[in-house]
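A quick write-up on the structure given underneath.
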There are 2 protein chains.
Amino acid sequence: MTQTSSSDTVLDRVLRILSAFDARRRQLTVAELSQLADIPLATTYRLVNQLAKENILTRYPNGNIGLGIRLWELAARSSPAVSLRTAAMPFLDDVQSIFRQHTQLSVLDDHELLVVERLSSRNSVVNQATVATRMPIHTVSMGLVQLAFQPQYIIDDYFALYPEATDMSYPGTGSITDTLAKIQRDGFAMLDGMLDDGTTGAAVPVFDKPTGRKRVAIAAISVVIPEDFESRSAVVPVLMAASRGLTRALHPTAEPG
Amino acid sequence: MTQTSSSDTVLDRVLRILSAFDARRRQLTVAELSQLADIPLATTYRLVNQLAKENILTRYPNGNIGLGIRLWELAARSSPAVSLRTAAMPFLDDVQSIFRQHTQLSVLDDHELLVVERLSSRNSVVNQATVATRMPIHTVSMGLVQLAFQPQYIIDDYFALYPEATDMSYPGTGSITDTLAKIQRDGFAMLDGMLDDGTTGAAVPVFDKPTGRKRVAIAAISVVIPEDFESRSAVVPVLMAASRGLTRALHPTAEPG
DNA sequence: GGGTAATTCTCATTTAATGAGAATCGAGTG
DNA sequence: CACTCGATTCTCATTAAATGAGAATTACCC
C-alpha cells in the first residue's frame with residue numbers, strides 16, 4: 001500500500017529509493033528496492049531506469065543497483081558539508097598525525113549528530129560506516145559539545161524531542177544540564193565510556209566566528225582515545241588549536257593572525 | 001519553453017535544479033534557478049519547497065537556495081566514489097606529505113576525467129572547485145594514464161567522440177597514440193605544461209587487481225609538481241608504491257603481503 | 001503609506017505517472 | 001534442446017500528480 005498521509009509524489013519515491021542504500025546496503029536488486037521503498041515493482045523498474053540513465057543510480061553487471069557517481073558529483077560540487085570538510089582537512093590531519101587516533105568532524109542536523117569526516121590511523125580498519133552516519137546528540141562528546149553552544153531554545157527543543165536525554169547520568173558530571181553547564185565553562189567535552197568502554201571522547205566546538213560573546217557552534221572536532229592515553233593532557237589544547245584554526249579559515253578577518 | 005524531445009518529467013526537472021549548483025554557484029535565488037533549470041517560476045517554487053522540506057536543498061536566511069546536507073549524506077553513505085576515496089586517503093596522504101604538492105585521485109566517467117579527491121599543501125588556497133570537477137581526458141596526465149590502460153574499444157570510442165584528441169601533439173612524445181603507447185610501456189604519465197606552464201603532471205594508474213596481464217585502470221593517483229622540482233626522480237616510484245598499496249587495499253587477497 | 005519583488009495560494013486543466021498483467025529475455029537445470 | 005522460473009520490458013486504460021498563470025499575500029525598502 002502506498003503512503004496515506006498525502007499523495008505519494010515522484011520526488012517522495014525517488015528519495016525513498018536513494019535512501020534505501022547505505023554503508024551496509026551498497027547494492028540491491030530491483031525487487032529489494034521495491035520492497036524497501038514501498039513502490040510497486042513495475043514503477044520501481046521505471047524509476048530505477050530513469051535514475052540509471054542519468055547515472056544517479058548505477059546498474060552493476062550482475063543486475064544489482066547501486067548509487068551512481070553523478071549523485072556524489074552533484075553533492076560534492078557545492079554541498080556545505082563538503083566545503084566544511086575541505087576547510088577542516090589540514091586541521092584534522094594535524095590532530096590525527098599528532099595522536100594517531102580516530103579524529104572526527106561533525107555537525108548537528110535535524111536534532112541529530114552527523115559525522116562529516118573521520119580520519120583514522122594507518123592501521124585501523126577502513127570503516128566507511130562512520131562518515132555520513134547519524135547519532136543521538138546526547139550520547140557522544142561531539143554532540144554534547146555542540147549542543148552546549150547553541151541558543152537556549154535549541155537546547156530546550158532538543159530536550160522536548162528526546163526526554164530520555166534528561167534521564168542520563170554522565171560519569172563525573174551527573175545530569176545532562178549539569179554536564180552542558182560544565183562544557184560551557186570548560187569550552188570542551190571529555191567524557192569516558194560513552195560509546196565504548198575503555199575509551200574517552202574528547203571534543204571541542206568549532207564556532208561561527210573567531211571571537212565574541214554569542215558564538216554558536218557550527219561543528220565539532222573530536223578524537224576518541226583510550227582512557228589511559230599517555231598524552232591525555234595534551235588532547236584538549238591541540239583540539240582547541242585546530243578548532244581556532246578552522247574558525248579562522250572559515251571566517252578570514254582583518255584582525256591580526 | 002519546455003523540452004521538446006520527450007515529456008519533461010519531474011525527475012528531469014529535479015535533476016536540472018540540482019545541477020544548477022556548482023562550486024561557483026553555491027547559492028541561487030529561486031528566479032535564477034527557474035531560468036537555469038528552464039522551469040516556470042511557480043513550478044520552481046513548488047519543487048524547491050518540496051526539496052527543501054527533505055533537506056536536499058536548503059533555504060538560507062536571505063532567501064537564497066543552496067544544496068542541503070541530506071543530498072551529501074545520501075551520496076556519502078554508499079557512493080562508490082566515497083568508498084574509493086576513503087580507501088585511498090592514507091596513500092594520498094603519504095604522497096602529499098612527502099612532496100607537499102597537490103595530490104589527486106581521479107576516475108574516468110562518461111568519457112571524461114572526474115576528480116574524486118585532491119589534497120593540497122598547507123598553505124595553498126583552499127580550492128573547492130577541484131573536487132568533483134570534470135576535464136577532458138586527453139588534456140591531463142591523470143586522464144591519459146587511465147585511458148592508456150583501458151580496453152582498446154574504449155580508446156577507440158574516445159577518439160571517435162573527441163576527434164580533436166588525435167590532433168594533439170604532446171611535448172616529447174608526439175601524437176596521442178604514441179603518447180599512450182609510451183605510457184603503456186612506462187606504466188606512468190609525466191607530461192610538462194599541460195594545464196599550466198611551468199608545471200608537470202605526474203600520474204600512475206590504479207588497477208582493478210594487483211597482478212595479471214589484462215589489468216584495467218579504475219583510477220589514477222597524481223601530483224602536480226613544478227617542472228624544476230628537486231625530487232623529480234622520486235615522484236613516480238612514490239606514486240607507484242601508493243597505487244599498489246591502494247590496489248591491494250581494494251582487493252585483499254591471500255597472496256603474501 | 002506606497003512601490004516592488006518575492007513568495008504562496010488557487011484551481012481548472014493537462015499530462016506525467018501509474019501499475020497490473022502480458023510479453024520477452026536470460027539463466028539454470030535435466 | 002526444452003522447460004521452468006525469475007528478471008525485465010512493454011502496453012495502455014486510468015488516475016492523480018503536476019501544472020503554471022494569475023491572484024493574493026508577505027516582506028523589504030524608501
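The sequence lines fix the lettering, A, B, ..., with proteins before strands; numbering per chain opens at 1.
Comparing A:Leu41 and B:Leu41, the nucleotide of DNA chain D nearest to each residue sits closer to the 5' end for A:Leu41. When each of A:Asn64 and B:Ile39 is assigned the nucleotide of DNA chain D bearing its nearest heavy atom, the one mapping closer to the 5' terminus is A:Asn64. Comparing A:Val10 and A:Ala42 along DNA chain C, the residue whose closest nucleotide (by nearest heavy atom) sits nearer the 5' end is A:Val10.
Whole-Å rounding puts the B:Leu33 CG to C:dA5 C1' distance at 17 Å. Spacing between atom CG of A:Asp38 and atom C1' of C:dT18 amounts to 15 Å, rounded to whole angstrom units. To the nearest angstrom, P of D:dT9 lies 14 Å from NZ of A:Lys53. Per the geometry, CD belonging to B:Gln35 stands 15 Å off C1' belonging to C:dA6, to the nearest Å. For the pair A:Glu32 CD and D:dT8 P, the computed distance is 11 Å after rounding to whole Å. Distance A:Leu11 CG to D:dA18 P: 8 Å, rounded to the nearest Å.
Relative ring orientation between B:His138 and B:Tyr162 is described as tilted, the plane-to-plane angle lying within the 30° to 60° band.
The CE atom of A:Met240 lies 11.5 Å from the CD1 atom of A:Ile221; values are rounded to the nearest 0.5 Å. For the atom pair A:Leu113 CG and A:Thr139 OG1, the distance stands at 8.0 Å (nearest 0.5 Å). Here the CZ-CG distance, from A:Arg134 to A:Asp110, works out to 6.0 Å after rounding to the nearest 0.5 Å.
Phosphate contact (OP1/OP2 of C:dG19, side-chain N/O of A:Thr43, threshold under 4.0 Å): present. A sub-4.0 Å separation between OP1 or OP2 of C:dT8 and a side-chain N or O of B:Tyr45 is absent. The side chain of A:Ser7 places an N or O atom within less than 4.0 Å of a non-bridging phosphate oxygen (OP1 or OP2) of D:dA17. Side-chain nitrogen and oxygen atoms of B:Arg13 include at least one within less than 4.0 Å of the OP1 or OP2 phosphate oxygen of D:dG20. Between B:Asn49 and the phosphate of C:dT7, there is no side-chain N or O to OP1/OP2 separation shorter than 4.0 Å. One finds a side-chain N or O of A:Arg46 lying less than 4.0 angstrom from the OP1 or OP2 phosphate oxygen of C:dT18.
A donor-acceptor pair under 3.5 Å is absent between the side-chain atoms of A:Thr43 and the main chain of A:Ile39, judged by distance alone. Remark: side-chain polar atoms of A:His111 are not paired, donor with acceptor, to backbone N or O of A:Leu161 under 3.5 angstrom. The closest donor-acceptor contact from the side chain of B:Glu117 to the backbone of B:Arg85 lies at 3.5 Å or more, if one exists at all.
For the segment residues 54-63 of chain B, residues with any heavy atom less than 4.0 angstrom from an atom of DNA chain C are, sorted by number, B:Arg59, B:Gly63.
Nearest nucleotide to the side chain of B:Thr9, out of C:dA17, C:dT7, D:dA21: C:dA17.
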